[in-house]
Participant: 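The structure's right below; bear with me while I get my questions together.
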2 protein chains.
Amino acid sequence: MSSCTNKPTLDAEEALLLKNQICFPLYSAANAVIRAYRPLLEALELTYLQYLVMLLLWEKDGVSVKDLGQQLHLDSGTLTPLLKRLEAKQYLTRGRSETDERIRVLNLTTEGKKLRERALTVPGAMACKVTLDTNELIQLRNLCEKIIDRLEGDDHPG
Amino acid sequence: MSSCTNKPTLDAEEALLLKNQICFPLYSAANAVIRAYRPLLEALELTYLQYLVMLLLWEKDGVSVKDLGQQLHLDSGTLTPLLKRLEAKQYLTRGRSETDERIRVLNLTTEGKKLRERALTVPGAMACKVTLDTNELIQLRNLCEKIIDRLEGDDHPG
DNA sequence: AGCAATTAAATTGTGCGCAATCTATATAAG
DNA sequence: CTTATATAGATTGCGCACAATTTAATTGCT
């Protein structure tokens, strides 16, 4: 019953032009960012998503797959194989919770903990590549989080 | 020789917290957007990227793989298999240029042209899901394009 | 205790993204 | 004309994302 009453800025014809696609720059920027991280993370043998997982483990060791999924907005279909790769690299172990055998408990290895030192330069190097000022970064974050909020909860009403 | 003289807002330790990752919301928002497009594009049997390619062809029929790649910031490794899928769906043909046999010429089929009618409602439906106002959309686009500009040309100096 | 419903994670299959490499055509230089 | 170089696209291989399904453990209900 919730029909959208948003007044469109463009007519339907104009709206189909690539230059008027709201989300295309978002999509391209995200790709560009991941590409830009690649050389920085190469030395750590991490992909961008693996790096995000390591960030979370460095903050809080011993989390579950579900914990990771909620924080990263990803499911086990993405995370399970990724975690196996991080396990194969000896950065973490994939144990089981003692109180609930269903739950994987992800723990950093010594190697995984040591990796953090070498990651300390990554955020700075990335900031240098992007060179947005603090205001722009905050704006961008707010806009992106607004989008995520609107799209993630299909359920709650307007 | 171009060392970055950007003054960091955070120290190296804080910079490794997920909540301080500039680009994580960008990455998550892009994922969320593609996910949100999925049900809208299902009826057209298109993925988000296939939809972008169709948008370009509806604007200008007969382009090459290189043309597409430059506009979408993607290479033949991504586009070739995608274009084969669109060809299999009978939305386009993958011919060759008469003057240069290396070049693929992508042409819409009748079916592909007809699809445009059914796509006319997609931008509006998406705008309803995202519900950012015009100012926010412009801000977002500008910020994303800034990022793309900074990251895409590794070559030109500051 | 016994059984249905729920939950956590794994699995399967499709489609990107992209680096690296390869093939074929076209152009340039000698 | 011939060899070198450049260009357009295809191929290969890996790692996401994610829908859909499956497996196994736990919880709730009676």
Side-chain angles (χ1 to χ4, degrees), chain A residues 24 26-39 41-42 44-54 63-70 72-89 94-106 148 151-152 154, chain B residues 24 27-39 41-42 44-53 63-70 72-89 94-106 148 151-152 154:
Chain A
F24 170 56
L26 185 70
Y27 158 83
S28 288
N31 284 344
V33 163
I34 290 175
R35 230 179 289 140
Y37 264 108
R38 203 180 306 267
L41 295 175
E42 210 159 59
L44 313 182
E45 292 187 277
L46 292 174
T47 65
Y48 179 60
L49 183 52
Q50 289 167 10
Y51 171 68
L52 292 180
V53 168
M54 294 304 289
V63 298
S64 67
V65 175
K66 189 189 174 190
D67 285 340
L68 286 182
Q70 282 175 346
L72 299 175
H73 311 283
L74 294 169
D75 69 3
S76 67
T78 301
L79 290 173
T80 296
L82 178 143
L83 292 167
K84 285 182 181 175
R85 285 189 279 272
L86 288 176
E87 185 183 41
K89 284 195 234 284
R94 296 166 61 245
R96 294 278 187 189
S97 162
E98 289 182 4
T99 61
D100 187 339
E101 281 287 316
R102 292 171 302 180
I103 299 174
R104 283 274 182 209
V105 177
L106 307 167
I148 295 168
L151 296 183
E152 213 104 299
D154 301 304
Chain B
F24 170 57
Y27 158 84
S28 287
N31 284 343
V33 163
I34 291 175
R35 231 178 288 139
Y37 264 108
R38 203 178 306 266
L41 295 176
E42 211 160 57
L44 313 182
E45 293 186 275
L46 293 175
T47 64
Y48 179 61
L49 183 52
Q50 289 168 9
Y51 172 69
L52 293 180
V53 168
V63 298
S64 68
V65 175
K66 190 189 173 194
D67 285 340
L68 286 182
Q70 282 175 346
L72 299 176
H73 312 283
L74 294 168
D75 69 3
S76 68
T78 300
L79 290 174
T80 295
L82 179 142
L83 292 167
K84 285 182 180 175
R85 276 176 226 119
L86 288 176
E87 185 184 40
K89 284 194 235 280
R94 297 168 60 245
R96 294 277 188 191
S97 163
E98 290 182 3
T99 61
D100 187 338
E101 281 288 315
R102 292 172 302 181
I103 299 174
R104 284 273 182 207
V105 177
L106 306 167
I148 295 168
L151 296 182
E152 212 105 298
D154 302 305

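Excluded from the calculations below are hydrogen atoms, water molecules and symmetry mates; all remaining heavy atoms, backbone and side chain alike, are included. Here is the naming used below: chain letters follow the sequence lines, and residue numbers restart at 1 for every chain.
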Participant: Report the distance from atom CG of A:Leu83 to atom P of D:dA17, rounded to the nearest whole Å.
Facilitator: 13 Å
Participant: Just to confirm, is there a sub-4.0 Å distance from OP1 or OP2 of C:dA10 to any side-chain nitrogen or oxygen of A:Thr80?
Facilitator: yes
Participant: Is the side chain of A:Arg104 donor-acceptor paired with the backbone N or O of A:Arg94 at a distance under 3.5 Å, no angle test?
Facilitator: yes
Participant: Nearest-nucleotide wise, let me know which of A:Asp67 and B:Asp75 is further upstream toward the 5' end of DNA chain C.
Facilitator: A:Asp67
Participant: Please state whether the phosphate of C:dC16, meaning OP1 or OP2, lies under 4.0 angstrom from any side-chain nitrogen or oxygen of A:Tyr27.
Facilitator: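 Answer is no, no contact under 4.0 Å.
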Participant: Nearest to the side chain of A:Gln50, heavy atoms from C-beta on, is which of D:dA17, C:dC16, D:dG15?
Facilitator: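 For A:Gln50, the side-chain atoms sit closest to D:dG15.
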Participant: Using a 4.0 Å heavy-atom cut-off, does B:Thr47 contact any base of the nucleic acid, only the sugar-phosphate backbone, or nothing at all?
Facilitator: sugar-phosphate
Participant: Could you tell me whether the phosphate oxygens of D:dT11, OP1 or OP2, come under 4.0 Å of any side-chain nitrogen or oxygen in B:Lys84?
Facilitator: yes
Participant: Output the rounded distance in Å from CG (B:Leu68) to P (C:dG17).
Facilitator: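 Taking atom P of C:dG17 as the reference, CG of B:Leu68 is at 14 Å.
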Participant: Picking from D:dA17, D:dG9, C:dA10, which would you name as closest to the side chain of B:Ile103?
Facilitator: D:dG9
Participant: B:Tyr27 and side chain to side chain contact (heavy atoms under 4.5 Å, CB included): which single residue from A:Leu52, A:Leu26, A:Val33, A:Asn31 fits?
Facilitator: A:Leu52
Participant: Would you indicate whether the side-chain heavy atoms of A:Leu86 and A:Met54 approach each other to under 4.5 Å?
Facilitator: yes
Participant: Whole-Å distance between D:dC16 C1' and A:His73 NE2?
Facilitator: 17 Å
Participant: Do the side chains of B:Thr78 and B:Leu72 get nearer than 4.5 Å, heavy atoms only?
Facilitator: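 Not touching, per the 4.5 Å side-chain cut-off.
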Participant: Could you walk me through whether A:Leu74 and A:Leu68 pass the side chain to side chain contact (heavy atoms under 4.5 Å, CB included) check?
Facilitator: CA-CA 8 Å; A:Leu74 294 169; A:Leu68 286 182; over 6 Å; no
Participant: Side-chain contact test, heavy atoms from C-beta onward, threshold under 4.5 Å: evaluate it for B:Glu87 versus B:Leu83 and give yes or no.
Facilitator: no
Participant: Round to a whole Å and report the spacing from CD of A:Glu152 to C1' of D:dA17.
Facilitator: 13 Å
Participant: In whole angstrom, give the distance that lies between atom CG of A:Leu79 and atom C1' of C:dT11.
Facilitator: 14 Å
Participant: Once you round it to whole Å, what is the distance between P of C:dG15 and CG of B:Leu41?
Facilitator: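 It is 14 Å, rounded to the nearest whole Å.
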Participant: Without decimals, in angstroms, what is the distance between B:Asp100 CG and D:dA6 P?
Facilitator: 17 Å
Participant: Is there a side-chain polar atom (N or O) of B:Arg35 under 4.0 Å from OP1 or OP2 of D:dC18?
Facilitator: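 Yes.
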Participant: On DNA chain D, check which nucleotide each of B:Arg38 and B:Gly77 is closest to and give me the residue with the more 5' one.
Facilitator: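 Its nucleotide being nearer the 5' end, the pick is B:Gly77.
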Participant: Looking at B:Ser76 and D:dA8, is any side-chain donor or acceptor paired with a base atom of the opposite kind under 3.5 Å?
Facilitator: no
Participant: Using atom CG of B:Leu49 as one end and atom P of C:dC16 as the other, report the distance to the nearest whole Å.
Facilitator: 6 Å
Participant: Taking atom types as they are modelled, is there a donor-acceptor pair under 3.5 Å from the base of D:dT26 to the side chain of A:Arg102?
Facilitator: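 Checked by distance alone, the answer is no.
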Participant: Looking for any heavy atom pair under 4.0 Å, which part of the strands does B:Leu82 touch: base, sugar-phosphate only, or nothing?
Facilitator: sugar-phosphate
Participant: May I ask you to evaluate whether A:Tyr48 reaches the phosphate of D:dG15, defined as a side-chain N or O under 4.0 Å from OP1 or OP2?
Facilitator: no
Participant: OP1, OP2 of C:dC16 versus side-chain N and O of B:Arg85: anything below 4.0 Å?
Facilitator: yes
Participant: Tell me whether the side-chain N/O atoms of A:Arg96 come closer than 4.0 Å to OP1 or OP2 in C:dA9.
Facilitator: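 Answer no for this pair, as no side-chain N or O of A:Arg96 is under 4.0 Å from OP1 or OP2.
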Participant: Reading DNA chain C from 5' onward, which residue's closest nucleotide shows up sooner: B:Thr78 or A:Arg104?
Facilitator: A:Arg104
